[in-house]
Amino acid sequence: MKKILAFVLFSSLAYSQEAPRYLFDELYFADPSIHIFNNTIYIYPSHDIETEVKDPTNGGHYNMKDYHVLSMKNIQQEKAEDLGIVLKLEDIPWAEKQLWAPDVTEKDGKYYLYFPAKDKEGNFKLGVAISNKPEGLFKAEKNPIKGSYSIDPAVFKDGKNYYVYFGGLDGGQLQKYRNNKPFGPGTQPENNENALSPKMALLSKNMLEFAEEPKDILILDENGTPLKSGDHDRRFFEGVWMHKYNNTYYLSYSTGDTHKLVYAISNTPYGPFIYQGEILTPVVGWTTHHSIVEIDKKWYLFYHDSQPSGGKNYLRSLKMRELFYDENGRIKTMEGKD
Ligand code: FUB
């Protein structure tokens, strides 16, 4: 009897941990990048706002103008605390609009906020802003990172190396480049050609530049064939994130127009990566964007959806839930509409 009771109690606890929850109700935030600094959980999101811009093709309705930082003392804290605005569009000398998905990393006691924004010519570039504290304020560099383009920078520290992963299709402009150079036609490859890859580069010692030419990250199917451009269920679209679990590198990303979060694995941070499967089925809303982090020996998925705004794609709310691996390191698929 005792055993049965213990099992029932354990199952209900396990279930409640799995259930997703919203992290903040007063403002719309999206694209959460999570990091633990000084025993505190910090959330670095985009800040969604109402806008007059109607531009679903180019994503102009994601018209964000500042960044906030949120924090949680621990994972049990029901709601995150908003620590306020830490960087404004008007304080970034080179940027004109659209402060999209950011990320932050720490090196030698300094905190580096990486973010995409459109410059005055309408091209997305990646910028850096620096602070002495994880909660900001952050001060932007005068110019974007030399040679940068597209969106969604995610920084991953591996040993002493810091790598930035980036890229996003359509509104994110990745299709306008090939081999790190502007590509005249600005189109994606044909359906039967290899899909465009997310990019990655080692960061320089001062964290302000690429230390190498950005490289393509190859994502292969189970037969070792690169995913094709027409494979919308599996090919990379945007919102890349990297984490390491049991010495394996997990590259996860959004499939964009099929609205899934999926992942691929490799033995190196440069890949090639082998496609594995879905992490999250489509959420309410067009975009899906996430980070995966270990906190107190458990793994969590942080993401967003548009349920609280009644399905407005550009007004998104932060969510989180526990994430589970099976004994072979495969991530258990979760329901986005939960
Ligand atoms: O938040 C604006 C854009 O929407 C992000 O950069 C993409 O990843 C998508 O979530």
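These numbers come from the heavy atoms of this one structure, side chains and all, not from hydrogens, waters or symmetry mates. Atoms within each ligand, like the ligands themselves, are counted from 1 in listed order.
Ligand 1 lies out of reach of Gln98, whose nearest heavy atom is not under 4.0 Å from it.
Cluster annotation: Ile217 and Val155 are assigned to the same hydrophobic cluster (Ile/Leu/Val/Met/Phe/Trp/Tyr, side-chain heavy-atom contacts under 4.5 Å, transitive). When hydrophobic clusters are built by joining Ile, Leu, Val, Met, Phe, Trp and Tyr residues whose side-chain heavy atoms come closer than 4.5 Å, directly or via intermediates, Phe156 is not grouped with Leu323.
Here the heavy atom of the protein found nearest to atom 3 (C) of ligand 1 is Trp100 CE3, 3.7 Å. What sits closest to atom 6 (O) of ligand 1 on the protein, heavy atoms only, is Asp152 OD1, 2.5 Å. Closest to atom 4 (O) of ligand 1, if we only count protein heavy atoms, is Arg316 NH1, 3.2 Å. Atom 9 (C) of ligand 1 has Glu238 OE2, 3.3 Å as its closest protein atom, hydrogens excluded (heavy atom only).
Counting only distance, with no hydrogens or angles, the side chain of Ser197 and the backbone of Lys199 share no donor-acceptor pair below 3.5 Å.
Looking at His289 next to ligand 1, an N or O pair under 3.5 Å apart turns up. No N or O atom of Tyr62 sits closer than 3.5 Å to an N or O atom of ligand 1. At least one N or O atom of Asp31, backbone or side chain, sits closer than 3.5 Å to an N or O atom of ligand 1.
Each of the following atoms of ligand 1 lies closer than 4.0 Å to a heavy atom of Ala101: 6 (O). Annotation for ligand 1: atoms under 4.0 Å from non-hydrogen atoms of Met64 are 1 (O), 2 (C).
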Show your working on salt bridge (charged side-chain N to carboxylate O under 4.0 Å, His left out) between Asp231 and Lys228 and close with a plain yes or no.
CA-CA 5 Å; Asp231 189 349; Lys228 302 296 173 209; over 6 Å; no
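Taking the centre and axis of the six-membered ring of Phe183, the NZ or CZ atom of Arg178 falls inside the cone set by 45° and 6.0 Å.
The one candidate from Tyr177, Trp100, Tyr149, Trp94 that meets the ring-ring contact (aromatic ring centres under 6.0 Å, His included) condition with Phe124 is Trp100.
Between Phe237 and Tyr253, the ring centre distance reaches or exceeds 6.0 Å.
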